[in-house]
Amino acid sequence: MNIHQRMVLNDRFVLLGRMSDSIKWQVAAFFFFMYLSSVGGQVSYSMPEEMAKGSLVGNLVQDLGLDIKRLKSGNARIYSGGSTEYVEVDRERGVLVIKERIDRESLCGRTSPCSLHYQLILDNPMELYTVNMEITDINDNAPSFKKSQFRFEIIESALIGARFVLESAVDPDVGLNGLQNYSLKPSDNLILKLHTQKDGSKNVEMVLQKSLDREKQDQLTLVLTALDGGNPPMSGTAEIHITVLDANDNVPVFTQPIYKATITENAAKGTILTTVSASDLDEGSYGKVTYFISNSMDDASDLFEIDENSGEVRLSGEIDYEKARHYQINVEAKDYGGHLDSSKIIVDVIDVNDNTPLIDLISTSKSIPEDSAQDTVTAMLKVQDPDSGKNGEVDCLIEETMPFSIRSTLNGVYSLVTAMSLDRETQSEYNITVICTDEGIPSLSSRVTLSLKISDVNDNAPVFDKSLYDAYITENNALGFSILSVAAADPDWNQNARVSYLLQDTSVNGLSVSSFVSVNSETGVVHAVRSFDYEQLKDFQFKIKAQDGGSPPLSSNVIVKLFILDQNDNAPQILYPIQPAAPLVAEMVPRSADVGYLVTKVVAVDVDSGQNAWLSYKLVKSTERSLFEVGLQNGEIRTIRQVSDKDSVKQKLTVIVEDNGQPPRSATVIVNVAVADSFPEVLSEFTDRTDDKDYNDNLTFYLILALAVVSFLFIMSVATILSVKCYRWKQERIFHKSSGNLPVIPYYPPFYSDVGDTGTLPHVYNYEVYRTNDSRRSDFKYGRPVSQSTVSLDPSGTQTLTKIRGERETSENSEKEQKPPNTDWRFSQNQRPGPSGAGVPPEGAVGTGPWPNPPTEAEQLQALMAAANEVSEATATLGPGTMGLSTRYSPQFTLQHVPDYRQNVYIPGSTATLTANPQQQALPPPQAQAPPPTQAEAPKAAQTPASKKKSAKKEKK
């Protein structure tokens, strides 16, 4: 026990000293019990009755572990449930004191122990504690009798042991302070005998221990004293007057010592409970028995009545099960001789569900915040049903589906708590109807409606009406121009729903976004802080924060993408030719340039976009208007005709570059063009400029250096090309000396008999020989129908052979694809035919070069005839399917059709037709009847060394 408890105990012992000695020990026991009774969420006190108002009951602060400040802030108070509040809370001292004087006898009657149950209520937050108080009895009531005098008539013949029931004394006190004993004085003839009942009460009887003698004493006066167990004891007395009668030697006797009866609590008056019966063996007046109820101190005499003649016990009042569940009726049977017999009736009251549940609000909250946690107590209810059993069992529920639930906490106490999270934005107020129903048949119910408001909490952030904003603004805008307006809504209420707009601090190209745009904090309108330039900044994005006025504030962000629209505010820029250097630079065009020759290209850009950047090029001024043109879309300067000698060397072109904007913007560039084949000619023309002195010396030096390098490279390229040409020509000369060329000899197939009157063959075949200078990559093509070489008749009827002239590149590619030839595939120098004269060979010839010694037509004729005879002789030795060539030729040269070289032979470049068969002679066309003089004189020409060699070879064969 700590010091504080000792001080409190000392104070209470001082209080004991002021009380009477009879109750000091009881109060001391109460204080000791009080310090051992505070447990958990409830506290129990024991106190004597009749304590003065303001007396200390207990220290709530110590016993419940509370703080005085908590008692004050929580508005601590006692809830009595509608009954009398005998105690109250002293919040200043934190103690429980007497409010009204307590009389245990009037409060509890004979019920023991006598207890009071209160609830200690605290608010903010709501808490509930149970306070149990036991009222102990003090000996403040003396036993008393309802009557101060009792009269008895006893016949003198009464037998010893005859009993006479006395009315019991009543002491409202209980326990030791209640009625404990009786005494009878004088006790010469009669003595007292006590009978203890099951309920603890005592019945007192007078027992005759000595016969009476009416002749000696016909009147007896006795004093009956009732004593309690108090200290000091208290007592009450009554006088007994006995009249001695003449002898009546039989007493009435009840048929049952105890009668039992049941009755419902709502039974009507006059309902018969039971009938008692007693008999007396005497005759006459001594044998007539009358009945009466002997209960005097309780309510039984007021609720029940008995017919004195028949013994029927009837209900005379209204009984209530909730007030008393059992009744005991003491009945007596008396004859006219004064003899008595007693019995009792035990009445059990049957409960009826006649009481609806009583709902009493202990504490309620008018409003709670919407962020209240689950199971937050919003109200406390005390529900009671005076009925018993199932009739008194109550179950409470909420009428509608709501985010609340009701649960039982203590005996008969229900708490209304939140069952789930609340949302004021969904519903701001609830009318909660609680229905409490008992389990009786039929059941009875009560209801109460509670109104609860949900206070707002800043639990919703502002929400923008769009997840992303796209805005467009034309460049060169005015300062303060309204770009767009953003809007956000907050479903909260009042200050929590007030939205303000803020610009998030981000950077755009290294600058704060606040230097580009601003936002109105109230309206959300975004303004331009500067004039935008599309060429510097095409688009950017920033964030706007919407913040409410709650505490703490909530916010949300939205991204705004701002696109800057282009205006045609920039003229095209010339990239080439470079403007400062344009007068110093000239584009050179050779005089041999073909039509469409690319002189140069004007390159320009426009930093604008879209149609504003679409450029078109126009030639607005030119020295020779008809010589050049400019591409409208690409700016290419090309020649539109051949360059003539009359065109001046120095050409000056003025080109304008224009965009497609509205209005359009343009730029002009001057292009110098030099029409010349050599640099000296260009230099001589452009060195006459009068403004050469203004040129920069360094630029002149670099230009001269560049010109020298280009000239050197050009000369080296030309020398390399000439060296290669000379090398190829030298190789060709060696080839002509070492091997012969296979002549290109057209032929008719063996089926030439199908030729009609026109002399045209249905199928014409051509054989081509491909060679290189070194004769190691030659190849032979054969078996190809004439698709590129045809035999036709000219209008005069002369048969001619047309050669197809191929491109030089095709011939070179064909040479690369040729296979190495047989080393025997060559003719001697004397067998190499060629055209008359020293003309240029056909373009389709494959790199044979000019003939070293041009032969005459006679020499050509002799060479062809010699070749034909040689082929004819070789053909005779070959089988079918082989070419009519000498056996020295490789077997790889085979043909599907074997030609006969002894047939008609056409000489290229001549209209003469030769035949090797004397039996067949070709008829020349009519136009060929008069051959040119050169052909007639050709056989008479002097023999050349080549013709001599061919003749010698022919003779040898």
Side-chain angles (χ1 to χ4, degrees), residues 41-42 44 78-86 106-121 128-135 199 260-269 271 273 298-300 303 315 317-328 346-364 377 379-399 404-417 432-450:
Q42 65 179 2
S44 299
I78 292 295
Y79 172 76
S80 61
S83 60
T84 305
E85 293 184 9
Y86 292 100
S106 61
L107 184 64
C108 299
R110 301 193 63 81
T111 303
S112 181
C114 180
S115 300
L116 295 177
H117 303 283
Y118 297 110
Q119 280 76 37
L120 176 64
I121 305 299
L128 177 67
Y129 297 90
T130 300
V131 179
N132 299 320
M133 298 176 55
E134 181 180 358
I135 311 301
D199 58 355
K260 292 184 178 182
T262 59
I263 188 172
T264 57
E265 62 176 336
N266 58 353
K269 291 181 180 181
T271 302
L273 278 73
D298 52 18
D299 298 331
L303 297 175
L315 180 65
E318 296 179 355
I319 60 175
D320 190 358
Y321 177 86
E322 286 70 34
K323 293 181 179 180
R325 302 182 181 183
H326 307 282
Y327 290 94
Q328 178 177 319
I346 303 299
V347 180
D348 294 326
V349 181
I350 300 175
D351 182 46
V352 175
N353 189 25
D354 58 343
N355 294 280
T356 59
L358 303 177
I359 303 175
D360 191 10
L361 297 177
I362 298 176
S363 181
T364 60
V377 180
M380 285 188 176
L381 302 87
K382 178 73 174 180
V383 182
Q384 295 176 333
D385 194 334
D387 295 327
S388 64
K390 292 293 184 180
N391 298 330
E393 294 180 8
V394 181
D395 187 19
C396 295
L397 52 87
I398 298 175
E399 185 177 22
F404 300 92
S405 63
I406 189 167
R407 62 184 60 172
S408 177
T409 54
L410 299 175
N411 186 20
V413 178
Y414 290 84
S415 297
L416 183 65
V417 299
I432 308 169
T433 300
V434 179
I435 301 177
C436 296
T437 306
D438 61 23
E439 296 185 10
I441 300 175
S443 61
L444 301 177
S445 63
S446 299
R447 64 177 59 200
V448 63
T449 300
L450 305 176

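Distance check, rounded to the nearest 0.5 Å: OG1 of T262 to CD1 of I346 gives 13.0 Å. Between the CG atom of L128 and the OG1 atom of T130 there is a distance of 5.5 Å, given to the nearest 0.5 Å. Here the straight-line distance linking atom CD1 of I398 with atom CZ of F404 works out to 7.5 Å at 0.5 Å rounding. Note that CG of L361 is 5.5 Å distant from CG of L450, once rounded to the nearest 0.5 Å. Distance CG/L303 to NZ/K323: 9.5 Å, rounded to 0.5 Å.
Judged purely by atom type and a 3.5 angstrom limit, K382 has no side-chain atom pairing as donor or acceptor with the backbone of L358. A donor-acceptor distance shorter than 3.5 angstrom exists from the side chain of T409 to the backbone of V413, with no hydrogens or angles considered. Of the possible polar contacts, none joining the D385 side chain to the V394 backbone as a donor-acceptor pair under 3.5 Å is found.
Residues E393 and D395 fail the side-chain proximity criterion, which asks for heavy atoms closer than 4.5 Å. I135 is listed as a side-chain neighbour of L116, based on a closest heavy-atom distance under 4.5 Å. Side-chain contact between V347 and Q328 is absent, with no heavy-atom pair separated by less than 4.5 Å. Put simply, the side chain of I263 does not reach to within 4.5 Å of the side chain of I350, judged on heavy atoms. Counting heavy atoms from C-beta on, the side chains of V417 and R407 come closer than 4.5 Å. When side chains are defined from C-beta on, Y414 does not count as touching M380, because their heavy atoms never get closer than 4.5 Å. Inter-residue side-chain proximity for T271 and T264 is flagged as unmet; no heavy-atom pair is nearer than 4.5 Å.
Applying side-chain contact (heavy atoms from CB on, under 4.5 Å) to C396 and the options V434, L416, L381 leaves one that passes, V434.
Counting all heavy atoms, side chain and backbone alike, C436 lies closest to I359 at SG-CD1, 3.7 Å. Closest non-hydrogen pair, E134 versus P113, comes out as OE2-CB, 3.4 Å. In this structure, L315 and A267 approach most closely via the heavy-atom pair CD2-O, 3.6 Å. Between Y86 and L107, the shortest heavy-atom distance links the atoms OH-CD1, 3.8 Å. Counting all heavy atoms, side chain and backbone alike, L444 lies closest to D354 at CD1-C, 4.0 Å. The two residues D351 and Y321 have their closest heavy-atom pair at OD1-CD2, 3.3 Å.
Electrostatic pairing of E399 and R447 counts as a salt bridge here, judged by a charged N lying under 4.0 Å from a carboxylate O.
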Legend entry - Trace of the side-chain contact (heavy atoms from CB on, under 4.5 Å) decision for I441 with N353: CA-CA 7 Å; I441 300 175; N353 189 25; over 6 Å; no
Inset, instruction - With side-chain contact (heavy atoms from CB on, under 4.5 Å) as the test, would you mind laying out the steps for S388 and R325 before giving the verdict? - result: CA-CA 10 Å; S388 64; R325 302 182 181 183; 4.3 Å; yes
Legend entry - Test side-chain contact (heavy atoms from CB on, under 4.5 Å) applied to I432 and I406, step by step: CA-CA 11 Å; I432 308 169; I406 189 167; over 6 Å; no
Inset, instruction - Apply the test side-chain contact (heavy atoms from CB on, under 4.5 Å) to residues E322 and E265: give CA-CA distance (whole Å), side-chain angles for both, the deciding distance (0.1 Å), then the verdict. - result: CA-CA 9 Å; E322 286 70 34; E265 62 176 336; 3.1 Å; yes
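D438 and N391 share no donor-acceptor pair across their side chains, judged by distance under 3.5 Å alone. For the residue pair Y79/D360, the side-chain donor-acceptor check at 3.5 Å is satisfied. T433 and T449 share a donor-acceptor pair across their side chains, judged by distance under 3.5 Å alone.
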